[in-house]
Visitor: 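One structure is given below, represented as structure tokens, and several questions about it will come after.
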Number of protein chains: 2
Amino acid sequence: MPVSEKVSKKTRGGLTAGPDAAMCPSRLVLEHVTSRWGVLVLAVLMDGTHRFSEVRRAIGGVSEKMLTQTLQTLERDGFVRREAHPVIPPHVDYSLTELGEEAARRVGALARWTEEKVPEVLAAREAYDAAKAR
Amino acid sequence: MPVSEKVSKKTRGGLTAGPDAAMCPSRLVLEHVTSRWGVLVLAVLMDGTHRFSEVRRAIGGVSEKMLTQTLQTLERDGFVRREAHPVIPPHVDYSLTELGEEAARRVGALARWTEEKVPEVLAAREAYDAAKAR
DNA sequence: CAGCATCCGTGCTGATACTG
DNA sequence: CAGTATCAGCACGGATGCTG
């Protein structure tokens, strides 16, 4: 079976839900959960419910725009549950759904694996660069 | 524990080995193996050794530039083994290393999981969009 | 056949300013 | 506090042409 389907033109899939939906859905979902901030959001929400600003601080280095975008995408995909309490000042809680928890576990496992293999990768890179420099 | 370190400025990490290496290495590696073409390359090489053009055809829809880039990155990271036979016309074989095989298995597992959860995600999206449209 | 060099458009990214 | 809106920069990815 073919690994992918032919995609005629401009079919890059970022985190945002662009107008071009001509890509296998699984790739989209995969990119959402493995996206730069997606991984971190899932990681943070792993240990329970958090407010917007808490998540922001926990991650540190994410613009509010990207965090909003990431949270919305993950919410839309059914990974994150959003609860807005109608008070002033606003108070919004984010947590993982069942699906989100499983996603977080799996992505987290992959992340931990890569982390533990980093030494090997670094060694491989050195060897590669050394061989190439010659 | 903090999930990430502060990153001062312009710290996006794509597949290319940009001049900006100011990001935790594990994220870089993760992005390499979960990148658009990285996933597909690993998947294709799962079933053995293949030539450049074979991989290209098997994936279908990847420019040679991106394939080259992806293969080089994965080779540098120690996931892919490259064997160039000094003949004319050139003949280059690509295969997975031990590390690459494990990466392929893990990424493949995640990919298959997302694939099987696509229906749930799609349903969640419909619900989300419906709720928002009102 | 395999790979490199170059140019260029798309759109993601993040800073800033504003609203409820 | 939790977003939305707008804008500029630049990285990503694709197309093309050339080399060994």
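In what follows, every chain begins at residue 1, and chains take the letters A, B, ... in the order their sequences are listed.
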Visitor: Please name the pair of heavy atoms, one in A/Ser95 and one in A/Thr49, separated by the smallest distance, quoted to 0.1 Å.
Guide: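 What the structure gives for the nearest pair is CB-OG1, 3.5 Å.
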Visitor: Tell me, please, which residues at least two apart from B/Glu126 pass side-chain contact (heavy atoms from CB on, under 4.5 Å).
Guide: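 None.
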Visitor: Using a 3.5 Å cut-off and no angle test, enumerate the donor-acceptor pairs between side-chain atoms of residues 100-109 of chain A and protein atoms at least two apart in sequence or in another chain.
Guide:
| from | atom 1 | to | atom 2 | distance (Å) |
| --- | --- | --- | --- | --- |
| A/Glu102 | OE2 | A/Arg106 | NE | 3.4 |
| A/Glu102 | OE2 | A/Arg106 | NH2 | 3.3 |
| A/Glu102 | OE2 | B/Trp113 | NE1 | 2.9 |

Visitor: Could you give the CD1-to-C1' distance, from A/Ile88 to C/dT19, as a whole number of Å?
Guide: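 So the two atoms are 13 Å apart, to the nearest Å.
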Visitor: Show the numbers, then the answer: is there a side chain to side chain contact (heavy atoms under 4.5 Å, CB included) between A/Leu71 and A/Tyr94?
Guide: CA-CA 8 Å; A/Leu71 283 169; A/Tyr94 289 95; 3.7 Å; yes
Visitor: Which is it for B/Asp93 and B/Arg81 under the salt bridge (Lys or Arg N to Asp or Glu O under 4.0 Å) test, yes or no, and what are the steps along the way?
Guide: CA-CA 8 Å; B/Asp93 282 326; B/Arg81 174 172 29 243; over 6 Å; no
Visitor: Just how far, in rounded Å, is P of D/dG13 from CG of B/Leu40?
Guide: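 Result: 13 Å.
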Visitor: Nearest whole Å is fine: how far is C/dA15 C1' from A/Gln69 CD?
Guide: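 After rounding, the reported distance stands at 14 Å.
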Visitor: Kindly indicate, with the supporting measurements, whether the criterion side chain to side chain contact (heavy atoms under 4.5 Å, CB included) is fulfilled by A/Arg51 and A/Arg56.
Guide: CA-CA 9 Å; A/Arg51 302 185 54 175; A/Arg56 187 149 146 67; over 6 Å; no
Visitor: Hey, what bend do you get for the helix from C/dC1-D/dG20 to C/dG20-D/dC1 if you fit axes on five pairs at each end, rounded to 10°?
Guide: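 Both end axes considered, the difference amounts to 40°.
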Visitor: Tell me: CE of B/Met66 to C1' of C/dA2, nearest whole Å?
Guide: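 Rounded to the whole Å, the gap is 17 Å.
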Visitor: For C/dG14 and A/Arg36 - does any side-chain N or O of the residue sit under 4.0 Å from the phosphate oxygens OP1/OP2?
Guide: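 True: A/Arg36 side-chain N/O within range (under 4.0 Å) of C/dG14 OP1/OP2.
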Visitor: Take A/Arg112 and A/Glu115 through the salt bridge (Lys or Arg N to Asp or Glu O under 4.0 Å) test and state the conclusion after the steps.
Guide: CA-CA 5 Å; A/Arg112 256 176 284 112; A/Glu115 217 159 321; over 6 Å; no
Visitor: Could you list the protein-to-nucleotides 1-5 of chain D atom pairs, N/O on both sides, closer than 3.5 Å?
Guide:
| from | atom 1 | to | atom 2 | distance (Å) |
| --- | --- | --- | --- | --- |
| D/dC1 | O3' | A/Arg51 | NH2 | 2.8 |
| D/dA2 | OP1 | A/Arg51 | NE | 2.9 |
| D/dA2 | OP1 | A/Arg51 | NH2 | 2.9 |
| D/dA2 | OP2 | A/Ser53 | N | 3.1 |
| D/dA2 | OP2 | A/Ser53 | OG | 2.7 |
| D/dG3 | OP1 | A/Arg82 | NH1 | 2.2 |
| D/dG3 | OP2 | A/Tyr94 | OH | 2.5 |
| D/dG3 | N7 | A/Glu64 | OE2 | 3.3 |
| D/dG3 | O6 | A/Glu64 | OE2 | 3.0 |
| D/dT4 | OP2 | A/Gln72 | NE2 | 2.9 |
| D/dT4 | O4 | A/Glu64 | OE2 | 2.8 |

Visitor: Less than 4.0 angstrom between a side-chain N/O of B/Arg56 and OP1 or OP2 of C/dG3, yes or no?
Guide: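 Checking B/Arg56 against C/dG3: no side-chain N or O falls below 4.0 Å of OP1 or OP2.
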Visitor: Counting only side-chain nitrogens and oxygens, does A/Trp37 get under 4.0 Å of the OP1 or OP2 atom of C/dC12?
Guide: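 Looking at the OP1 and OP2 atoms of C/dC12, neither is under 4.0 Å from any side-chain N or O of A/Trp37.
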Visitor: Calculate the interatomic distance between B/Leu67 atom CG and D/dG14 atom C1'; express it in whole Å.
Guide: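 Whole-Å distance recorded here is 13 Å.
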Visitor: Using side-chain contact (heavy atoms from CB on, under 4.5 Å) as the criterion, list what pairs up with B/Ala84, not counting sequence neighbours.
Guide: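 Result, side-chain contact (heavy atoms from CB on, under 4.5 Å) vs B/Ala84: B/Arg82, B/Val92.
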Visitor: Quick test of your reading: applying ring-ring contact (aromatic ring centres under 6.0 Å, His included), list the pairs with at least one residue in residues 38-89 of chain A, sequence neighbours left out, ordered by first then second residue.
Guide: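 Non-adjacent pairs meeting ring-ring contact (aromatic ring centres under 6.0 Å, His included): A/His85-A/His91.
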